[in-house]
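Have a look at the structure below, then the notes.
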2 protein chains.
Amino acid sequence: MEAKKLLLQANLKATHQRQVILNLLLACKNHPTVENMYALSKKEIPSISLATVYKTLDSFSQAGIINKTLTTEGIVRFDPNLSSHGHIYCTNSNEIIDYFDNELNELVSNFFKKKKVKNFHIKKISLNIMGTKIDPDKSMSIK
Amino acid sequence: MEAKKLLLQANLKATHQRQVILNLLLACKNHPTVENMYALSKKEIPSISLATVYKTLDSFSQAGIINKTLTTEGIVRFDPNLSSHGHIYCTNSNEIIDYFDNELNELVSNFFKKKKVKNFHIKKISLNIMGTKIDPDKSMSIK
DNA sequence: ATCACTGCAAATTATTTGCATCTCG
DNA sequence: CGAGATGCAAATAATTTGCAGTGAT
């Protein structure tokens, strides 16, 4: 039970609903919304309430187990991928894919080592690439 | 009347409320919320309705006159600065300042010239730096 | 004159909260 | 056992919509 361990490490009570939600999140390869997670978890726990899903996702992102992101359209989504990465949004289809490139990470973090932001402690840098798909039926991808 | 010209260029009818809102936006050095703009415009047009402000800001961002941004907390804000720039968010105070650096822009755009994103047409790249202020009474700034 | 824009109020949607009950540790 | 989590329903917040009247081109 991977999820249980993660929860305890984060000082969260490992309730059934939390374990189910976390397992679903870890299996997710996309960036689910609250409603997505509600629908998914309802399959396993039909009695789960939407408020619990809200509270749970919130406590997960508080604890740093997942990240909260927002699309340009203002839709709240959750990102189970914690490693430093960017996002590619298609502003037509609202698709999001993760973007990860070591070279870019180096580039940006080196840059900010030189250029200091004054009176500010940087916690996270995120790069968002917005645009549109050329062939709407295929998905976008990184070379 | 700078605003009027901009509106006509964007194929939007130059109504009084739109001109007032756009002028306020152009004078703004920060990233106002809908409510901010409602309060400001109400000073000049006491009868203006909140729905109009919503619709107006929406049509402006549709037309590309301003940009819609979102804080990590999900607050919708508008950014009258259209040139390519990033944002520095303080996750405690919800302050946002623009971040612009030519060197960084070069760095990132060169990077994406090499690394192609397949089946995707990039429209905008935005870099968001999240963190906290060290001295909460002062503002953050870039060296 | 036409068609888009405005303002109002009502509707919708998203999210939060209070509280009684239950569960993990 | 006790702190903290859950589920429900109700509350709040944010945004949108329909529509009649108004105004810009």
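Chain naming here is simple, since letters A, B, ... match the order of the sequence lines and numbering starts at 1 in each.
- One can place CG of L50(A) at 13 Å from C1' of dT17(C), the figure rounded to the nearest angstrom.
- Residue Q19(B) contributes atom CD, which lies 15 Å from atom P of dG23(D) at whole-angstrom precision.
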I'd like a list of close polar pairs between nucleotides 19-24 of chain C and the protein, N/O only, cut-off under 3.5 Å.
| unit_1 | atom_1 | unit_2 | atom_2 | d |
| --- | --- | --- | --- | --- |
| dC24(C) | O2 | K13(A) | NZ | 3.2 |

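- What separates OH of Y38(B) from C1' of dC8(C) is a distance of 11 Å, to the nearest Å.
- With a 4.5 Å cut-off on side-chain heavy atoms, F112(A) and I129(B) count as touching.
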Show, in sequence, the C-alpha distance, side-chain angles and deciding distance for F120(A) and Y99(B), and conclude whether the ring pair (Phe, Tyr, Trp, His ring centres under 6.0 Å) test is met. CA-CA 13 Å; F120(A) 197 71; Y99(B) 178 79; over 10 Å; no
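- A straight line from CZ of F78(B) to C1' of dT15(D) spans 11 Å, rounded to a whole angstrom.
- No hydrogens or angles considered: a donor-acceptor pair under 3.5 Å links the side chains of D98(A) and H31(A).
- Put simply, Y54(A) has no side-chain N or O that comes within less than 4.0 Å of OP1 or OP2 on dT16(C).
- Counting only N and O atoms by type, the side chains of H87(A) and D79(A) include a donor and acceptor under 3.5 Å apart.
- Listed here is the closest heavy atom pair of L25(B) and P32(B): CD2-CG, 4.1 Å.
- Between L12(A) atom CG and dA5(D) atom P there is a gap of 7 Å when expressed in whole angstrom units.
- L7(A) places its CG atom 9 Å from the P atom of dG25(C), with the value rounded to the nearest Å.
- Distance CD1 (I48(A)) to P (dC8(D)): 10 Å, rounded to an integer number of Å.
- Residue-level contact check: S47(B) touches the backbone only, with heavy atoms under 4.0 Å from sugar-phosphate atoms and none from bases.
- Contact check, Q17(B) against dG7(C): a side-chain N or O comes under 4.0 Å of OP1 or OP2.
- Scanning for side-chain contact (heavy atoms from CB on, under 4.5 Å) contacts around I45(B) gives H16(B), Q17(B), V20(B), S47(B), I48(B), with sequence neighbours left out.
- To the nearest angstrom, C1' of dA24(D) lies 14 Å from CG of N11(B).
- For the residue pair T56(A)/S59(A), the side-chain donor-acceptor check at 3.5 Å is not satisfied.
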